[in-house]
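Right, one structure below, let's go through it.
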Amino acid sequence: MKVLVVGSGGREHAICWKLSQSPKVDKIYCAPGNAGIGQTAELVPIGAMEFDKLIDFAKSEKIDFTVIGMDDPLVGGIVDRFEAEGLKVFGPRANAAIIEGSKAFSKELMKKYNIPTAAYETFDSYERALEYIKKGSFPVVLKADGLALGKGVLICNDLEEAEAGLKTIMVDKKFGESGNKIVIEEFLTGQEMSVLSFCDGKTIVPMVSAQDHKRAYDGDKGLNTGGMGTFSPSRVYTDELADECMKTIYQPTVDALQKEGRPFKGIIFFGLMLTPKGMRVIEYNARFGDPETQVVLPRLKTDLMEIFEACVEGTLDKINVEWEDSGTACVVLASGGYPESYTKGYEITGLEAAEKADNIIVFHAGTALKDGKFVTNGGRVLGITGIGKDLDEAIRTAYKGVELVDFKDKHFRKDIGIK
Ligand code: AMP
Ligand code: GLY
């Protein structure tokens, strides 16, 4: 099979890496990809939002199967467009990807089908939202309705902060049109974890759990980032919790979407919080997580291509998805200054040594090739995944890899997995 993967981050590198192990896959293309992905896949210089060009490419190259990694094209309807051309594609249609595209939609869905989540109200009027927060309690969580690169969520500790936050989202439109509507939510406390799952419209198969570190600095200090590291499994997600989530969250979500005439085929990412009152859904995403994918896929024993095909065909119930009983940890190497301003173009050394080392996988997120050498080309540059017999061994192995690779102003957290 010839497979096209759409996206350019560490997540897409992990998807290409896993697909390259499938006996069914002969050739992988990635659009637009990055320099590291170019070691596994042939790079295609087409952006993820250039649907016409991607369709032309898939037709002219006779691509058998396309995998969409990123949220923007999914929410924008890339799967509907591919299907209309008779092309096989993995990912939800726009009417199902809306669980990520609109927080108001996903909250209403959860309320209607009794899926446990934080209490909330939705407003499209600034004045009414303001009235509401003046009567409410604190902290309170403000969420811009639409996609905002994971940045449209503000946790406000008092009325002053909430008034300022409301203005930022709804009046100043810091997150653009996604701030036309706002979800105002009860503040929850507890451990957060991520569970990704394969879905074929009716059957859902959860993957092994993971945990993300979103803040830039050790001890969860500093600004929120796209993710500074992950580990799998979560230390708090027990088999009992998994069973309970299957009954109260995972299957009900897939059933709800089917009932609403929005069958979900692809990956549902459940952002969960274990609160004193039980598990709550914090958010849904309609795709693999980044960098969760970099710790989850290395533990997958089953052929990923076979699972993707089963999701599209609606035969996921026929597949036995198996996992290694191991631990994994991924430490992100970022450019100093990220998530604010940083410099690109620094030479990266030690990649070969890290790639050759046992139980270490190097996933590229923001790299480029310059005069035959890898250079930094983004905020998050690399993700170094360590595999171990358990989590602690995985963490030690990942940090061994971190020491092997270097570039100017390399920044990473030293406490990944210590949570
Ligand atoms: P989201 O984009 O919805 O995942 O929100 C981003 C982050 O904000 C989450 O990962 C949580 O850490 C935090 N968050 C979101 N909603 C809540 C909530 N209701 N209570 C406490 N923290 C929240
Ligand atoms: N790591 C969180 C996300 O992919 O949204």
Side-chain angles (χ1 to χ4, degrees), residues 7-12 14-15 69-72 74-75 97 99-107 110-111 116-122 136-157 162 165 169 175 178-179 182-197 207 209-216 220 222-232 234 267-277 279-297 330 332 334 339 363 365 379-380 383 416 419:
S8 60
R11 162 183 52 209
E12 285 75 21
I15 294 170
M70 294 170 71
D71 46 0
D72 280 339
L74 289 169
V75 171
I99 60 167
E100 172 161 10
S102 166
K103 291 187 189 292
F105 175 89
S106 65
K107 294 297 287 190
M110 287 186 264
K111 190 189 239 174
T117 188
Y120 76 101
E121 291 291 337
T122 307
S137 60
F138 298 93
V140 70
V141 184
L142 307 184
K143 298 186 172 183
D145 177 49
L147 290 182
L149 294 168
K151 295 189 182 101
V153 174
L154 303 177
I155 295 174
C156 307
N157 291 305
I169 294 175
F175 310 108
S178 81
I182 195 169
V183 171
I184 303 185
E185 211 173 85
E186 163 199 20
F187 176 76
L188 301 174
T189 53
Q191 279 258 25
E192 273 187 74
M193 62 211 76
S194 312
V195 174
L196 320 187
S197 63
M207 303 185 212
S209 62
Q211 252 174 270
D212 191 4
H213 297 257
K214 287 204 172 88
R215 302 294 194 107
D220 289 333
L223 291 172
N224 260 324
T225 70
M228 291 299 294
T230 40
F231 59 96
S232 173
S234 150
I267 305 292
I268 303 184
F269 168 129
F270 296 88
L272 303 170
M273 191 183 275
L274 184 57
T275 74
K277 289 185 192 156
M279 202 67 107
R280 297 286 182 272
V281 177
I282 291 281
E283 65 161 344
Y284 291 130
N285 292 319
R287 36 120 191 127
F288 278 107
D290 191 341
E292 283 87 347
T293 310
Q294 292 90 307
V295 290
V296 169
L297 288 187
C330 175
V332 169
F363 293 118
R380 289 189 293 172
I416 300 303
K419 208 175 195 177

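Keep in mind it's a predicted model, so treat the numbers as computed, not measured. Numbering of ligands and ligand atoms starts at 1, following listing order.
In this structure, atom 3 (C) of ligand 2 lies nearest to the protein heavy atom Arg287 NH1, 3.6 Å. What sits closest to atom 1 (N) of ligand 2 on the protein, heavy atoms only, is Glu292 OE1, 2.7 Å.
Ser209 places a side-chain N or O within 3.5 Å of a backbone atom of Ser234 that can act as its donor or acceptor partner.
Distances from atom 17 (C) of ligand 1 to the heavy atoms of Leu142, Val281, Ile282 put Ile282 nearest. Nearest to atom 22 (N) of ligand 1 by heavy-atom distance, out of Ile155, Thr189, Leu147, is Ile155.
For ligand 2, the atoms sitting less than 4.0 Å from at least one non-hydrogen atom of Gly289 are 4 (O), numbered in the order shown with element in parentheses. Taking every heavy atom of Lys143 and a limit of under 4.0 angstrom, the matching atoms of ligand 1 come to 3 (O), 15 (C), 16 (N). Near Asp212, meaning under 4.0 Å from one of its heavy atoms, ligand 2 places the atoms 1 (N), 2 (C). Of all atoms in ligand 1, listed by their number and element, those nearer than 4.0 Å to a heavy atom of Glu192 are 9 (C), 10 (O), 11 (C), 12 (O). Which parts of ligand 2 touch Asn285 is read off a 4.0 Å heavy-atom cut-off, strictly below it: atoms 5 (O).
To the nearest 0.5 angstrom, Phe363 atom CZ is 7.5 Å from Leu297 atom CG. Rounding to the nearest 0.5 Å gives a distance of 14.5 Å between NZ of Lys214 and CG of Leu223. Here the straight-line distance linking atom CG of Asp212 with atom SG of Cys330 works out to 10.0 Å at 0.5 Å rounding. In this structure, CD in Gln211 is found 11.0 Å from CD1 in Ile416, a value given to the nearest 0.5 Å.
Each of Leu272, Leu274, Thr275 was evaluated against Arg280; a single residue qualifies, Thr275, per the side chain to side chain contact (heavy atoms under 4.5 Å, CB included) test.
In terms of polar-atom proximity, Lys214 is not counted as a contact of ligand 2, lacking any N or O under 3.5 Å from an N or O of the ligand. On a distance-only criterion, Phe187 and ligand 1 share no N/O pair closer than 3.5 Å.
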Walk me through whether Met110 and Tyr284 qualify under side-chain contact (heavy atoms from CB on, under 4.5 Å).
CA-CA 10 Å; Met110 287 186 264; Tyr284 291 130; 3.4 Å; yes
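A donor-acceptor pair shorter than 3.5 Å can be found between the side chains of Asp145 and Ser102.
With sequence neighbours excluded, the residues that form a side chain to side chain donor-acceptor pair (under 3.5 Å) with Lys107 are Thr117, Glu185.
Close to ligand 1: Lys214, with a non-hydrogen atom less than 4.0 angstrom away.
Residue contacts with ligand 1 for Val153 involve side-chain atoms from C-beta outward but no N, CA, C or O (heavy atoms, distance under 4.0 Å).
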